[in-house]
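What's counted below: heavy atoms across the whole structure, side chains too, no hydrogens, waters or symmetry copies. Since we're looking at a predicted model, the values are computed, not measured. Below, read A as the first sequence line, B as the second, and so on, with proteins coming before strands; counting in each chain starts at 1.
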Amino acid sequence: MEYNFSDIEKKWQLYWTKNGSYRVSNDSSRPKFFVMDMFPYPSGAGLHVGHPLGYIASDIYARYKRLKGFNVLHPMGYDAFGLPAEQYAIDHGIHPAVSTENNIANFRRQLDNIGFCFDWDREVRTSDPGYYKWTQWIFLQLFKSWYDKKANKAKPVEDLVALFEKQGNTGHPCPGDSGIRFTAAEWKGFDRRRREEILMNYRLAYCGYGEVNWCEALGTVLANDEVINGFSERGGHPVVKKKLRQWYLRITDYADRLLEGLETVDFSEAMKEMQTNWIGKSFGAEIDFDILDLSPSDEKLKVYTTRPDTLFGVDFMVIAPEHPLIGAITTAGQRPAMDEYIAYVKSRSERERMAEKKITGCFTGAFAIHPFSGLHIPIWTSEYVLAGYGTGAIMAVPCGDERDFKFARHFDLPITNIIGEAFNGVEANPTKDAILENSDFLDGLVMKDAIVIAIRHLEEKGIGIRKVNYRMRDAAFSRQRYWGEPFPIVWEPGIAVPLDEKQLPLELPHIEKYGPGPEGEGPLANVAAWTSRHLETNTMPGYAGSSWYFLRYMDPHNNEEFCSRAASDYWGQVDLYIGGTEHAVGHLLYSRMWTKFLFDRDYIGYDEPYKRLVNQGMIQGSSRFVYRLELKGKPVEMADRQGKLEGRNEPFFVSAGIASMQGTPEFHQLIELFVQNIYTDPSIELESINVSALHVDVNIVDGMELDIEAFKRWRSEYANAEFVLEEGKCFCGSEVEKMSKRLYNTVNPDDLVARYGADTFRMYEMFLGPVEQSKPWDTKGIEGVHRFLRKLWRLFFDETKGKVWTTEAVKDPEWKCIYRTIKKVEEATERFSFNTGVSALMIGVNELTDLKCSKKEVLGKLVVILTPYAPHVAEELWHLLGNEGSVLDAPYPKVEEKYLVESTKNYPIAINGKTRTELNIALDATQQQVEELVLADDVVKRWLEGNPPKKVVYVRNKMINVVV
RNA sequence: ACCGGGGUGGCGGAACAGGUAGACGCGCAGGACUUAAAAUCCUGUUGCCCGCAACGGCAGUACGGGUUCGAUUCCCGUCCCCGGUACCA
């Protein structure tokens with residue numbers, strides 16, 4: 001009987017489906033464990049070998065935990081709303097609902113091939129009305145909530161209204177507009193529209209005007225994390241700033257808790273770092289400067305600085321070109337220059353600013369007054385100061401800040417040195433360790449100590465306050481698109497009215513055209529039935545549905561609630577979340593915020609969604625190139641041949657090694673000879689030879705060697721290709737690139753599964769290296785893993801003899817071997833080191849083969865520890881051994897430690913080393929036992945002479961360690 | 001520039017807490033079986049040196065130093081690669 005993986009895999013996949021083996025109950029006495037993958041966006045391209053990496057890892061872990069006696073929730077779903085489906089609809093006229101459905105079916109087929117243990121009864125799709133009903137519902141709760149900074153949690157807006165009626169907003173300054181201040185009496189006097197306007201400035205989901213990232217090509221607004229260097233993440237189109245009415249999430253209210261929460265979760269340092277940087281918390285002071293010739297009661301110039309210690313090094317002020325004060329303070333004399341400058345700034349796109357960092361600016365003509373020295377400080381404007389951060393104005397300290405320094409040099413402004421020798425006059429020095437000079441009451445202080453003192457003085461004088469700032473802005477939450485969740489909002493003039501929750505879901509209407517609305521709104525603005533109800537025409541962004549999907553898996557069919565409290569209490573946090581790093585500051589931050597919000601409002605019992613996060617690395621493509629010759633030459637007579645040569649149409653290729661000789665006379669000669677041979681015409685002379693590298697399908701290249709016949713079949717235009725060979729072969733060039741259809745370097749898991757089976761494929765993906773690591777794909781080694789499974793199979797069956805396993809009694813060395821293997825595999829699996837887990841299994845099977853051990857008791861244990869890695873073959877062997885039930889529920893074998901104890905003989909010895917367990921053996925050691933050790937040191941000799949060491953320790957079962 | 005991660009054979013990678021570096025697999029070389037091939041199995045495979053032989057000697061985990069009886073592992077400095085951020089005051 002041979003190892004027939006395709007029969008085995010088909011058989012057990014069917015069996016598991018029929019028996020509902022992967023169905024998970026919310027009602028179990030076993031401890032729970034929740035393993036979740038980042039659900040995929042079902043793109044049309046299907047899966048390549050890079051995608052399942054994380055899924056295989058989580059599948060192994062989920063199966064392992066199940067064997068260990070846990071009730072494991074391991075679901076899968078689809079992040080089905082999004083731009084590409086709509087883009088595809090525009091290009092191909094296929095409705096997003098249809099293409100999404102097709103793509104999902106294809107994904108599912110590919111996933112099933114690999115044999116995952118997902119509980120498909122719990123599948124979620126964000127585009128399903130039964131799902132987005134609750135996305136809309138949560139949005140409404142956000143809309144109906146505000147953030148109480150005193151209690152540090154979200155609360156219902158009704159509470160806020162009650163507070164306003166009692167005390168106005170003095171206790172709770174407006175987060176959206178600090179200028180809004182009113183008393184209880186005033187509140188009562190406001191009309192409905194004014195009240196709603198004010199409340200909008202408090203809501204956690206709010207609508208407002210703001211600078212947004214507008215992408216003309218995509219016709220929509222994008223969140224900050226969807227913009228990379230001034231281009232859209234999807235498609236790479238230019239993005240510009242635009243002022244638009246938009247929905248936002250007030251995520252900035254959660255900034256501190258998002259930061260603090262990082263300390264309670266198990267994420268990689270890199271991930272925490274990225275989120276921390278994104279939030280960008282900084283400590284400093286806000287300082288008010290009086291402006292010369294404006295009476296003191298008038299507007300002050302408010303700046304934000306993290307370095308109030310440098311207050312006496314201020315040589316000028318810089319305000320953003322968009323700063324509201326700019327019109328008021330610019331003097332008549334400077335006005336023409338200013339108008340010109342502002343026009344220039346407006347003409348520059350975000351991209352241009354980033355690409356060429358020019359030093360530009362314009363003097364306003366106005367002066368600020370230094371609060372301590374009374375000096376007059378010129379106020380400039382420049383595009384390097386951003387309107388959106390801090391107060392949009394800075395105090396410039398050129399001796400300490402590189403940008404200020406360059407600005408000062410460029411415009412020839414004087415530079416005050418407040419740090420003595422620490423400033424060399426050639427470049428700014430941002431140190432905090434220098435001793436201050438020329439700094440009045442701060443003289444002689446070390447800068448970092450001066451910070452608090454400076455703030456105290458500012459606060460005492462009433463001209464400044466301690467201030468915390470964040471880099472993170474509120475998240476843009478609306479898209480001018482069709483394929484997303486509609487907002488359950490009806491517009492009355494100037495007032496956003498939430499839809500009654502009973503009317504949810506507000507279903508997305510079916511449309512055929514996806515163009516923008518009459519005023520640049522989303523396609524929904526073209527739907528009469530929609531606009532006649534005055535419904536919001538924007539839709540929600542991609543991250544809406546993915547911000548809470550982990551909760552829906554717990555209770556996917558609930559029509560009364562997004563997730564029952566009982567279900568969310570039972571399953572709790574996601575114990576293990578697996579996915580790529582690309583969602584570091586998008587999805588992960590948003591879903592953490594939503595979770596905190598739901599916790600605040602008491603809908604769930606924890607405020608971090610993911611207990612542990614593992615980021616799988618990217619599988620890169622290993623591209624292959626063929627080298628094509630482009631010839632120009634001088635053939636005689638035959639006109640058509642000349643045409644061919646001049647037209648560069650000949651499919652001539654050259655092996656990589658020869659291509660690398662390009663430019664040498666040998667190369668020229670070789671190619672000329674080659675062409676002469678082809679045309680059997682020695683009179684041909686080549687004028688020039690160019691070599692161009694072309695991507696070739698990696699699947700027709702074996703290692704570096706091109707399969708020439710397959711290549712000729714690959715493209716009809718290459719059917720008559722001719723090759724300049726090396727050693728009779730045509731070698732390709734290679735390069736590691738992103739895996740992509742366009743580069744012909746994708747490898748389809750379907751092909752590998754068909755050829756080697758799902759079990760081999762799964763184990764090989766893991767064997768490649770640590771899950772977290774990025775690495776180029778290389779199919780070469782898969783044979784080795786496949787050989788392992790066949791070798792394993794031969795422990796049970798022999799091609800000629802048939803069944804070889806027996807029920808004979810197991811001998812000690814055999815026990816030792818299997819228990820050592822169990823221990824190694826278990827430890828490796830536990831710490832997520834699946835490559836070493838596979839290795840340990842291989843070693844185990846090699847050893848059992850060497851021992852010729854085919855005993856049922858041993859093999860039974862082997863099969864169970866194999867199950868997470870290669871479930872199909874494990875199930876088959878489990879049954880062939882005569883076991884009942886499914887191996888999926890077999891108990892994980894326990895290690896009998898007594899078989900693992902090593903003898904004390906022949907250990908090398910170490911002295912004064914670190915400690916280990918199992919003191920007893922060495923401490924009780926008799927002289928004879930000690931002599932059996934390898935003794936090499938006088939310390940040990942002294943021991944034998946009657947001066948026992950303080951401590952003798954076993955190290956790693958391999959070495960004795962002596963502490964004198 | 002800043003922050004984070006990392007440099008180990010021909011290659012992917014092991015070495016869990018400082019304790020025999022190179023497990024396991026690929027590749028390569030040689031051999032067995034076979035008319036032959038496939039499949040399978042065996043032997044060797046960090047480098048250099050010695051030898052009839054050995055569980056022989058020396059060097060060796062990017063480079064230079066340090067701590068330690070002992071360092072791939074810890075500390076300092078240098079170089080290189082990858083990922084993130086980028087006028088955030």
(request) Pick the P atom in B:A54 and in B:G65, then give their distance to the nearest Å. (result) 36 Å
(request) Measure from the side chain of A:Arg471, starting at C-beta and using heavy atoms only, and say which of B:G13, B:A86, B:A89 lies closest. (result) B:A86
(request) Nearest whole angstrom, please: distance from the C1' of B:A89 to the NZ of A:Lys406. (result) 15 Å
(message) According to side-chain contact (heavy atoms from CB on, under 4.5 Å), who are the partners of A:Ala320, at least two apart in sequence or on a separate chain?
(response) A:Glu322, A:Val385, A:Ala387
(request) Please give the nucleotide sitting opposite B:A89 as a Watson-Crick or G-U wobble pair, both distances under 3.5 Å, or none. (result) none
(message) Once salt bridge (charged side-chain N to carboxylate O under 4.0 Å, His left out) is applied, do any residues pair with A:Lys272, and if so which ones, sequence neighbours excluded?
(response) none
(request) Please give the nucleotide sitting opposite B:C16 as a Watson-Crick or G-U wobble pair, both distances under 3.5 Å, or none. (result) none
(request) Return the value, rounded to whole Å, for the distance between atom CG of A:Leu789 and atom C1' of B:U40. (result) 16 Å
Table of protein N/O atoms under 3.5 Å from nucleotides 2-6 of chain B N/O atoms:
from, atom 1, to, atom 2, distance (Å)
B:C3, O2', A:Glu273, OE2, 2.4

(request) Could you check which nucleotide pairs with B:C74 in any of the strands shown, counting Watson-Crick or G-U wobble with both distances under 3.5 Å? (result) B:G66
(request) Scan A:Asn846 against the nucleic acid and name what it touches under 4.0 Å (heavy atoms): base, sugar-phosphate only, or nothing. (result) sugar-phosphate
(message) In this structure, is the centre-to-centre distance between the rings of A:Phe407 and A:Phe316 below 6.0 Å?
(response) yes
(request) Go ahead and name the base partner of B:C55; Watson-Crick or wobble counts if both distances stay under 3.5 Å, otherwise write none. (result) none
(request) Report the distance from atom CG of A:Asn615 to atom C1' of B:G84, rounded to the nearest whole Å. (result) 12 Å
(request) Output the single nucleotide from B:A14, B:A15, B:A89 whose closest atom is nearest the side chain of A:Arg831. (result) B:A15
(message) Tell me every residue that passes side-chain contact (heavy atoms from CB on, under 4.5 Å) with A:Asn4, counting only those two or more places apart in sequence or in another chain.
(response) A:Ser6, A:Asp7
(message) Distance check, rounded to the nearest 0.5 Å: A:Ser439 atom OG versus A:Ile418 atom CD1?
(response) 4.5 Å
Any protein N or O atoms within reach of nucleotides 41-46 of chain B? Criterion: under 3.5 Å, listing atom names and distances.
from, atom 1, to, atom 2, distance (Å)
B:C41, OP1, A:Arg794, NH2, 2.9

(message) Which nucleotide, if any, forms a Watson-Crick or G-U wobble pair with B:G83, using both distances under 3.5 Å?
(response) B:C3
(message) Could you tell me how far B:G10 sits from B:G64 if I compare only their C1' atoms? Round to whole Å.
(response) 28 Å
(message) Using atom C1' in both nucleotides, what's the gap between B:U67 and B:C76 to the nearest angstrom?
(response) 11 Å
(message) Under a plain distance cut-off of 3.5 Å, with no hydrogens placed, do A:Thr252 and A:Asp474 share a side-chain donor-acceptor pair?
(response) yes
(message) Between B:U20 and B:U35, how far apart are the two C1' atoms, rounded to whole Å?
(response) 48 Å
(message) I'd like to check the side-chain hydrogen bond (donor to acceptor under 3.5 Å, both in side chains) partners of A:Glu827; sequence neighbours left out, ordered by chain and number.
(response) none
(message) Rounding to an integer number of angstrom, what distance separates B:A89 and B:A14 when you compare their C1' atoms?
(response) 48 Å
(request) Taking only the side-chain heavy atoms of A:Gln773 (C-beta and beyond), determine which of B:G25, B:A89, B:G13 contains the nearest atom. (result) B:G13
(request) With heavy atoms under 4.0 Å as the rule, sort A:Asp778 into base, sugar-phosphate or nothing. (result) nothing
(message) In whole Å, measure the gap between the C1' atoms of B:C79 and B:A29 for me.
(response) 36 Å
(message) From the set B:C24, B:A89, B:A14, return the single nucleotide nearest to any side-chain atom of A:Ile843.
(response) B:C24
(request) For B:C41, give its Watson-Crick or G-U wobble partner with both distances under 3.5 Å, or none. (result) B:G31
(message) With a 6.0 Å cut-off (strictly less than), is the heavy-atom count around NZ of A:Lys406, excluding the residue itself, greater than 12?
(response) no
(request) Measure from the side-chain heavy atoms of A:Arg790 and tell me the nearest of B:G25, B:G27, B:A39. (result) B:A39
(message) Within the 4.0 Å heavy-atom criterion, would you say A:Pro776 contacts the bases, only the backbone, or no part of the nucleic acid?
(response) nothing
(request) Would you mind telling me which of B:A14, B:C24, B:G27 lies closest to the side-chain atoms of A:Lys780? (result) B:G27
(request) For A:Glu427 and B:A1, give me the distance from atom CD to atom C1', rounded to whole Å. (result) 12 Å
(message) Using modelled atom types and a 3.5 Å cut-off, is there a donor and acceptor pairing between side-chain atoms of A:Asp759 and backbone atoms of A:Val873?
(response) yes
(request) Under the salt bridge (charged side-chain N to carboxylate O under 4.0 Å, His left out) rule, collect the residues that match up with A:Glu286, sequence neighbours excluded. (result) A:Lys302, A:Lys467
(request) Can you tell me the distance, in whole Å, between the CG atom of A:Leu386 and the C1' atom of B:A89? (result) 9 Å
(message) So, using side-chain contact (heavy atoms from CB on, under 4.5 Å) as the criterion, who are the partners of A:Asp707 when residues are at least two apart?
(response) A:Glu709, A:Ala710
(request) Look at A:Tyr384 and B:A89 and indicate whether a side-chain polar atom (N or O) is within less than 4.0 Å of OP1 or OP2. (result) no
(request) Measure from CZ on A:Arg820 to P on B:C24 and round the result to the nearest Å. (result) 12 Å
(message) Once side-chain contact (heavy atoms from CB on, under 4.5 Å) is applied, do any residues pair with A:Val845, and if so which ones, sequence neighbours excluded?
(response) A:Phe788, A:Lys791, A:Leu792, A:Leu795, A:Thr849, A:Leu862
(request) For A:Glu827 and B:A14, give me the distance from atom CD to atom C1', rounded to whole Å. (result) 14 Å
(message) Rounding to an integer number of Å, can you tell me how far A:Glu783 CD sits from B:C28 C1'?
(response) 16 Å
(request) With a 3.5 angstrom cut-off on both distances, give the Watson-Crick or G-U wobble partner of B:G10, or none if there isn't one. (result) B:C26
(message) Donor-acceptor check, side chain of A:Thr310 to backbone of A:Val397, threshold 3.5 angstrom: yes or no?
(response) no
(message) Please report the distance separating the P of B:U46 from the corresponding atom of B:C11, rounded so that it comes out in whole Å.
(response) 13 Å
(request) Return the 5'-most residue of the pair A:Met274, A:Asp401 with respect to RNA chain B, ranking by each residue's nearest nucleotide. (result) A:Met274
(message) Need the glycosidic conformation of B:G9: syn if within 90° of 0, anti if not. Which one?
(response) syn
(message) Say we look at B:G22 and B:G60: how far apart would their P atoms be, to the nearest angstrom?
(response) 16 Å
